[in-house]
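One structure is given below, encoded as structure tokens.
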Amino acid sequence: MTNESLELFSKDKSFGGWVEMYRHPSSACQAPMNFTIYRPPQAEKGPVPILYYLSGLTCTHENFILKAGAQQFAAEHGLLLVAPDTSPRNTGIPGEDDDFKLGSGAGFYVNAITEKWAKHYQMYDYVTQELPAVIEAHFPVQPERVGLFGHSMGGHGALVVALRNPKRFRSLSVLSPICVPTESPFAIEAFQEYLGEDRELWLQYDANHLMQKNTELDLPLLVDQGEDDEYLKEYLLVKAFKATCEAKGYPLQLRMHPGYGHNYFFVASMMQDHLAHHAKALCV
């Protein structure tokens, strides 16, 4: 990718650094893709660690950076934040904007294989291969110091990406994650559409299944979950994932928070702790 193909379309000063929004032609998704970075003030002096954030259903590249309040903590620790969009947009696929659980804003971080979606919905390849290559080529970063976190659908994505790429990351955390998407009403419809009816194929994107088979990933995992989250019992299945981690002896810290729901009020309330969790591993 040339510098000319990476379009900066928004730039704002924030906590001594810069919030920058970019658009670029994606070869993985065969469509323009947007992402936002927060470039901390330390990046003016040299390369800094990278912390990727994967957003949830309906979110764009903007939601996290506008609502989570992460910039002040990224500036404190010297972390470059990267928040990609959750899907391609305006692809012309029939019905892509009809259901918030499918299509626009709902890529689920999988590589679609069905005829309708396969051309554009290659979000797993986008976030694991193409986007990191863009970040490392164009920004002052330390590619050997990379962390990953996410919320809801993005928590699912972060867990799956880390479990399938266990040597790539130094830190991992999630908020209100969809832990067993093959049993979650949020994900089943999307998996059927993107991956077809063979449920064996779905398991490659199921964090609970991947954890059951895990032999390599051993990063301390911080999970924060609101106890008043309306999706907790039926859709997120965090307790099932906790049981799997306990059976594996995996280093999971699950914190349950009374009164909190499934929104960015919750995400923002946890942000200081999550960035400190990542900084402990990345900024050494």
Side-chain angles (χ1 to χ4, degrees), residues 1-71 74-75 78-93 96-97 103-112 117-143 146-151 153-154 157-158 161 264:
M1 174 182 292
T2 65
N3 289 332
E4 291 74 19
S5 61
L6 189 62
E7 176 192 353
L8 173 66
F9 62 90
S10 177
K11 183 174 182 177
D12 293 282
K13 193 81 169 180
S14 179
F15 292 94
W18 293 94
V19 172
E20 300 171 353
M21 298 184 183
Y22 290 89
R23 181 178 298 112
H24 72 107
S26 166
S27 58
C29 296
Q30 294 294 296
M33 290 293 293
N34 297 332
F35 66 87
T36 297
I37 71 163
Y38 175 66
R39 191 195 301 252
Q42 294 87 338
E44 298 296 326
K45 299 178 180 179
V48 295
I50 315 165
L51 180 53
Y52 289 93
Y53 177 87
L54 302 183
S55 295
L57 282 167
T58 74
C59 289
T60 71
H61 62 286
E62 291 186 311
N63 293 72
F64 169 72
I65 211 70
L66 295 180
K67 295 181 178 181
Q71 294 94 294
L79 297 170
L80 186 132
L81 301 174
V82 183
D85 203 346
T86 55
S87 76
R89 307 274 172 173
N90 304 309
T91 65
I93 297 173
E96 67 180 335
D97 297 322
S104 298
F108 273 91
Y109 305 102
V110 306
N111 283 340
W117 301 98
K119 179 179 179 180
H120 297 294
Y121 277 69
Q122 300 294 308
M123 286 300 296
Y124 180 81
D125 280 355
Y126 179 72
V127 299
T128 60
Q129 298 179 31
E130 186 172 16
L131 181 61
V134 171
I135 298 301
E136 292 170 21
H138 291 89
F139 301 100
V141 295
Q142 298 171 316
V146 183
L148 178 64
F149 71 143
H151 172 242
M153 178 185 73
V161 168
Y264 267 90

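This chain uses plain numbering: 1 for the first residue, then up along the sequence.
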Return the minimal non-hydrogen interatomic distance between Glu44 and Trp18, and the atom names on each side.
OE2-CD1, 4.2 Å
Whether the side chain of Ser87 engages the backbone of Gly105 through a donor-acceptor N/O pair (distance < 3.5 Å, no angle test) should be reported.
yes
Answer whether the closest heavy-atom distance between the side chains of Phe64 and Leu66 falls below 4.5 Å.
no
Please check if any side-chain donor atom of Gln122 sits under 3.5 Å from a side-chain acceptor atom of Tyr124, or the reverse.
no
Student check: side-chain heavy atoms of Tyr22 and Pro84 closer than 4.5 Å
no
Contact between Ile135 and Tyr52 at the side-chain level, heavy atoms closer than 4.5 Å - yes or no?
yes
With a 4.5 Å heavy-atom cut-off, do Val82 and Leu131 have their side chains touching?
yes
Once rounded to the nearest 0.5 Å, what's the spacing between atom CD of Gln129 and atom OG of Ser27?
9.0 Å
By side-chain contact (heavy atoms from CB on, under 4.5 Å) - contacts of Gln42 (at least two apart)
Pro40, Val48
Residues forming a side chain to side chain donor-acceptor pair (under 3.5 Å) with Ser14, sequence neighbours excluded
none
Euclidean distance, Met123 CE relative to Thr86 OG1, rounded to 0.5 Å
6.5 Å
In short, Ile65 meets Met21 closest at the heavy-atom pair CG2-CE, 4.0 Å
Do Tyr53 and His151 touch side chain to side chain, with heavy atoms closer than 4.5 Å?
yes
Ring centroid separation Phe35 to Tyr126 under 6.0 Å
no
Return the CG to OH distance between Leu54 and Tyr109, rounded to the nearest 0.5 Å.
4.5 Å
Nearest heavy-atom contact between Asp97 and Ser104 is OD1-OG, 2.6 Å
Whether the Thr91 and Glu96 side chains hold a donor-acceptor pair (N or O, under 3.5 Å, no angle test) is what I'd like checked.
yes
Nearest heavy-atom approach of Tyr38 to Ala74 is CD2-CB, 3.7 Å
Side-chain contact test, heavy atoms from C-beta onward, threshold under 4.5 Å: evaluate it for Ile93 versus Tyr121 and give yes or no.
yes
Flag if over 12 foreign heavy atoms under 6.0 Å of NZ, Lys13
yes
Nearest heavy-atom contact between Pro88 and Met33 is CA-SD, 3.6 Å
Using the ring pair (Phe, Tyr, Trp, His ring centres under 6.0 Å) criterion, which residues pair with His61? Sequence neighbours excluded.
Phe9
Determine the minimum heavy-atom distance between Ser55 and Met153, stating which atoms define it.
O-CE, 3.7 Å
Point-to-point distance, once rounded to the nearest 0.5 Å, from CG of Leu51 to CG of Leu80
9.0 Å
How long is the span from the CD atom in Gln30 to the NE2 atom in His120, to the nearest 0.5 Å?
7.5 Å
Val134 and His24, any side-chain heavy atoms less than 4.5 Å apart
yes
So, Glu130 versus Ser26: side-chain donor-acceptor pair below 3.5 Å or not?
yes
Tell me yes or no: between the side chains of Thr60 and Asp85, is some donor less than 3.5 Å from an acceptor?
no
Examine distances only and state if a side-chain atom of Glu20 and a backbone atom of Thr36 form a donor-acceptor pair shorter than 3.5 Å.
no
Derivation of the side-chain contact (heavy atoms from CB on, under 4.5 Å) call for Ser10 and Leu8:
CA-CA 6 Å; Ser10 177; Leu8 173 66; 5.9 Å; no
Should Pro25 and Pro32 count as side-chain neighbours, where that means a heavy-atom distance under 4.5 Å?
no
